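Beneath this line is the structure, given in structure tokens, with notes to follow.
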Amino acid sequence: MRTARFGMTVVFFLIGAIGLYTGLTQFLTQPILSWTLPLKGEVIAIDAGHGGVDPGAVADDGSVEKEVTLKVAEKLRDMLTQAGAHVVMIRDDDRDLAPEGMKGYSRRKSQDLKERARIVREGESGLLISLHCNAVTDDTATGALTLYNGERENSKVLATEIQEALRETLGVYRNVQRRDDLYLLKRAEKPGALVELGFMSNPGEAAQLREDNYQELLALSIYKGVVTYYAHVKQT
């Protein structure tokens with residue numbers, strides 16, 4: 001009789017131990033999975049500026065904006081995807097989005113912008129990141145800059161977080177700028193930011209923008225800004 005009772009005690013102890021182990025395992029692993037996938041379930045659109053017949057800004061050494069923006073976009077896509085996000089690439093090769101066969105540079109440019117905005121506006125993306133490079137007559141101008149549309153809720157928060165990450169990672173000390181006139185940010189009708197990655201008109205910075213390591217740091221800065229943005233938004 002004592003043997004039977006002892007046997008039953010062992011059985012219940014084992015059942016309890018298994019249950020405790022299972023509960024602890026769920027408790028310990030679920031937060032880790034959540035932490036390692038901070039963007040799980042988010043849909044983010046990345047717009048690599050220019051493409052196709054539109055090279056964007058051209059540096060003195062012949063490098064072009066459309067190539068820089070696409071390379072940074074690809075690196076950013078990989079980072080966001082690894083964090084659990086679904087990424088919509090507005091373009092993933094060297095092309096514009098105007099209808100095939102459309103003549104005239106200006107007409108193609110106009111239709112290209114309209115199509116980019118439509119993809120974001122009508123799609124499931126909850127956020128837009130548009131990548132460009134700057135060019136001005138002053139060849140000493142330097143530094144990445146983040147622009148936002150003040151009419152779109154949370155866009156300033158996003159731009160500020162990205163610019164802060166650029167400061168932390170690359171030492172870029174610039175303030176975000178409100179630009180309600182930018183077509184894509186206005187017509188996409190989603191929270192978003194346009195990141196000017198640097199100045200193609202500055203020979204030194206243009207050389208940096210071609211470097212793989214520098215492109216990686218730019219993508220990392222934007223990624224960090226996006227993650228911090230979502231953490232902020234979810235708390236409010």
Side-chain angles (χ1 to χ4, degrees), residues 43-51 54-57 64-77 79-80 85 87-92 96-97 109-110 112-121 123 125-136 141-167 169-170 172 174-202 205 209 215 217-230 233:
V43 183
I44 301 170
I46 301 178
D47 168 53
H50 307 281
D54 177 15
V64 292
E65 179 179 358
K66 67 177 182 178
E67 295 176 356
V68 173
T69 59
L70 182 57
K71 288 180 179 179
V72 175
E74 291 171 341
K75 296 177 186 301
L76 177 59
R77 173 200 60 199
M79 293 178 186
L80 294 174
V87 175
V88 177
M89 293 285 283
I90 302 300
R91 72 176 179 97
D92 55 10
D96 63 18
L97 277 68
K109 181 65 177 176
S110 177
D112 171 72
L113 283 173
K114 289 179 180 178
E115 181 62 12
R116 291 173 194 247
R118 185 198 65 78
I119 290 173
V120 181
R121 183 175 61 250
S125 302
L127 198 70
L128 166 65
I129 302 295
S130 184
L131 305 177
H132 286 262
C133 295
N134 243 324
V136 293
T142 184
L145 173 65
T146 311
L147 313 174
Y148 70 97
N149 185 305
E151 299 174 351
R152 299 296 168 206
E153 184 180 5
N154 291 325
S155 288
K156 184 177 182 180
V157 176
L158 172 64
T160 301
E161 296 296 354
I162 292 174
Q163 195 66 43
E164 176 62 19
L166 287 165
R167 184 192 66 78
T169 306
L170 295 171
V172 177
R174 304 194 68 168
N175 295 322
V176 299
Q177 289 186 12
R178 177 173 178 169
R179 289 287 303 275
D180 294 352
D181 61 312
L182 295 176
Y183 183 89
L184 184 57
L185 294 183
K186 184 179 183 68
R187 299 303 298 271
E189 299 180 4
K190 300 285 178 68
L194 188 153
V195 184
E196 298 280 9
L197 300 169
F199 285 82
M200 300 292 284
S201 51
N202 181 313
E205 190 152 87
L209 289 168
Q215 293 169 0
L217 291 174
L218 285 166
L220 177 61
S221 299
I222 299 167
Y223 164 78
K224 289 165 62 178
V226 170
V227 170
T228 307
Y229 162 80
Y230 274 110
V233 169

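Please read these numbers as outputs of a predicted model, since none were measured by experiment.
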Which residues share a salt bridge (charged side-chain N to carboxylate O under 4.0 Å, His left out) with [X], sequence neighbours left out:
| X | value |
| --- | --- |
| Arg121 | none |
| Lys114 | none |
| Arg118 | Glu115, Glu122 |
| Glu196 | none |

Taking side chain to side chain contact (heavy atoms under 4.5 Å, CB included) as the definition, give me every residue that meets it alongside [X], ordered by chain and number, with sequence neighbours left out.
| X | result |
| --- | --- |
| Asp96 | Val53, Ala98, Arg108, Asp112 |
| Val233 | Asn154, Tyr229 |
| Lys190 | Val120 |
| Lys75 | Asp212, Gln215, Glu216, Ala219 |

Could you tell me which non-hydrogen atom of [X] sits nearest to which non-hydrogen atom of [Y], and how far apart they are?
| X | Y | value |
| --- | --- | --- |
| Pro191 | Gly126 | CD-O, 3.6 Å |
| Leu158 | Leu127 | CD2-CD1, 3.6 Å |
| Ser125 | Ala45 | OG-CB, 3.5 Å |
| Glu205 | Thr142 | OE2-OG1, 2.5 Å |
| Gly49 | Arg91 | O-NH2, 3.1 Å |
| Val172 | Ala144 | CG1-O, 3.3 Å |

Are the side chains of [X] and [Y] in touch, meaning some heavy atoms are under 4.5 Å apart?
| X | Y | result |
| --- | --- | --- |
| Glu65 | Leu197 | no |
| Val87 | Met89 | yes |
| Leu209 | Leu218 | yes |
| Lys66 | Asp54 | no |
| Tyr230 | Ile44 | yes |
| Leu131 | Ile222 | yes |

[X]: side chain to side chain donor-acceptor pair (under 3.5 Å) partners, not counting sequence neighbours:
| X | result |
| --- | --- |
| Thr169 | Ser221, Lys224 |
| Glu161 | none |
| Ser155 | none |

Enumerate, atom names and distances included, each donor-acceptor pair closer than 3.5 Å involving a side-chain atom of residues 179-186, sequence neighbours excluded.
| from | atom 1 | to | atom 2 | distance (Å) |
| --- | --- | --- | --- | --- |
| Arg179 | NE | Asp181 | OD1 | 2.8 |
| Arg179 | NH2 | Asp181 | OD2 | 2.9 |
| Asp180 | OD1 | Gly150 | N | 2.7 |
| Asp180 | OD1 | Arg178 | NE | 3.1 |
| Asp180 | OD2 | Arg178 | NE | 2.9 |
| Asp180 | OD2 | Arg178 | NH2 | 2.8 |
| Lys186 | NZ | Glu151 | OE1 | 3.3 |

CZ (Arg167) with more than 12 external heavy atoms under 6.0 Å: yes
Whether over 12 other heavy atoms sit under 6.0 Å from Lys156 NZ: no
Glu74/Arg77 salt bridge by N-O under 4.0 Å criterion: no
